[in-house]
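I have placed the structure first, in the form of structure tokens, so that the comments after it can refer back to it.
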Amino acid sequence: MTDRAAAQEASVSHRRGGGRVGRRAARSAPVASFPTLVRNVPVYEIVPDEAVELIHQESLAILEEVGCEFRDDEAIALWKKAGADVSGTRVRLDRGLLMDLVSKVPSEFTLHARNPERSVRVGGRNSVFVPMYGAPYVRDLDNNRRYGTLADLQNFHKLAYMAPALHSSSSIICEPMEIPVPKRHLHIIHSALKHSDKPFMGIVTSKDRAEDTMAMAGIVFGEDFVRDNPVLVSITNCNSPLVWDATMLDAMKVYARHNQPLILAPFALCGASTSASSVGATAQVNAEALAGVAFTQLLRPGSPQIYGQFMVTVDMKTGAPMGGTPEAAQMMYLMGALARKYRLPWRTSGFHVGSKLNDAQAGYEANMLMHAAILSGANYIWHSAGWLEAGLTCGYSKFATDCEQLVGWYKYAGGVPFDDFKDAMAAIREVGPAGHFLGTQHTLDHFESAFFMPSMMDFNSYEQWKAEGAKDHDARGREKARAMLADYEEPRLDEGVADGLKHFIAQREESLADTVM
């Protein structure tokens, strides 16, 4: 079965059935999950090859002439051993050394899930959708903005598990603020592993927390398996301009040595931490990302990695980051062209918006960026569900409506199918002039899967919409999130594994009991 056919079948089965019987059948059936999205639409080249080459050469010149800070003693020792020009914590990289290291990264890899049917491919023509990460606040089911809790985090992991077009459960979708920081990572990873069987993301805020993440992954997958096989993705951000700090480097050392992919992504506020120029910012961010990618290959040559970027423009009136701007989309296209030049899997962000609510502004911003993410050929499309308020808030309504829109984007990126073209032409001959197609065999065979049919977008008459409560899109999103959570059933986790995780958490919490927040 093709990816497209599987996706359509999953979408159809997700919609079938009505009333109490249908809901009971849906709850007892396996949760639908789309396979890795294989893009069958061409990438969009926003500039000619000569312009991409110009940015590439300037990025290499930045690393040769200006250099990049690596604020970690072991990292400096590794760079010296590799032959880099090191002065204090400043590392200047010869372009030959840099590109030799970058070339060691595989162009594709498999990211394994605890349920093998949820494993995905990253790189090449493959794309995966991943929910947001790191929000201290939530906009809850009653439309209140408040601090996130462990219950909220568990709910978002449940929603991610149930969303067919999400390929990962992320990890820190929202911060469980009531749990002390030294112990928080244990409960974040436990929730991701317990409430979903999709791939997940790691913790990078300290070496110990990264090691705990790997230990918990080892309990679930087996220590031998995680020593060599990718089971999680972690994010490391360069502090633009041109600084890789000790915390990020500590996380890199843990994960890369375990053969676990890292996203090497500068966090750039363009106009503040970069020059006020889209092409200038791209050259700088590219240099920063390449330096991070190269360092991972000093740790474990051939380890899978993800070239990345987070580039948002800054409102020059207030200094606030803006989401969904045309420049952010243009920079995605440039980074995508560079990633293809290096044959690197790459990450960008999909639905990251500045809007505080799941409103028209959020929709405009999200569409601008997701269109660019798809057509720039991104492989790991992060922040694809829930993101509000420049990442400060994860919204239940936004999460649910984003997940539905991802089904549409999945279909869009899969390209135009011709599988039934011959039958469709036969239907025209069957109906002839002035007829209708509602009763043809072709329509009966395809009406459920032919077109994207969102359930949360309202296409009824005004009178019908008013009779059903005159609900706006935000209200329908919250309603959908409630319904999904009511239907959730936990994916089975082996009893011994579940006990092993609990025992590990209890031991680590005891050892961290006196740790200051």
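A quick note: this is a predicted structure, and the numbers were derived from the prediction, not measured.
A donor-acceptor contact closer than 3.5 angstrom links the side chains of N40 and R125. Using a 3.5 Å distance cut-off with no hydrogens or angles, the side chains of E178 and H187 do not pair a donor with an acceptor.
Among pairs with a residue in residues 359-385, none fulfils salt bridge (Lys or Arg N to Asp or Glu O under 4.0 Å), at least two apart in sequence or across chains. Sequence neighbours left out, the pairs with a member in residues 383-398 that pass salt bridge (Lys or Arg N to Asp or Glu O under 4.0 Å) are R145-E389, K398-D402.
Contacts of R478 classified as salt bridge (charged side-chain N to carboxylate O under 4.0 Å, His left out), with partners at least two apart in sequence or in another chain: D474. For F504, the ring-ring contact (aromatic ring centres under 6.0 Å, His included) criterion is met by no residue, not counting sequence neighbours. Residues forming a ring-ring contact (aromatic ring centres under 6.0 Å, His included) with F418 (at least two apart in sequence, or on another chain): F421.
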Show me, pair by pair, the donor-acceptor contacts under 3.5 angstrom made by side chains of residues 227-234, not counting sequence neighbours?
| unit_1 | atom_1 | unit_2 | atom_2 | d |
| --- | --- | --- | --- | --- |
| R227 | NH1 | D224 | OD1 | 2.8 |
| D228 | OD1 | R300 | NH2 | 2.7 |
| N229 | ND2 | F225 | O | 3.0 |

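Environment of CD in E223: sparse, with no more than 12 heavy atoms of neighbouring residues, nucleotides or ligands closer than 6.0 Å. No more than 12 heavy atoms of other residues, nucleotides or ligands shown are found within 6.0 angstrom of NZ on K502.
A salt bridge is absent between D197 and R114; no separation between the charged side-chain nitrogens and carboxylate oxygens falls under 4.0 Å. A salt bridge links R257 to E74: at least one charged side-chain nitrogen sits closer than 4.0 Å to a carboxylate oxygen.
For the side chain to side chain contact (heavy atoms under 4.5 Å, CB included) test with I381, the passing option among V130, L37, I374 is I374; the others fail. The one candidate from V128, N126, L406 that meets the side chain to side chain contact (heavy atoms under 4.5 Å, CB included) condition with H167 is V128.
Remark: side-chain polar atoms of H190 are not paired, donor with acceptor, to backbone N or O of L186 under 3.5 angstrom.
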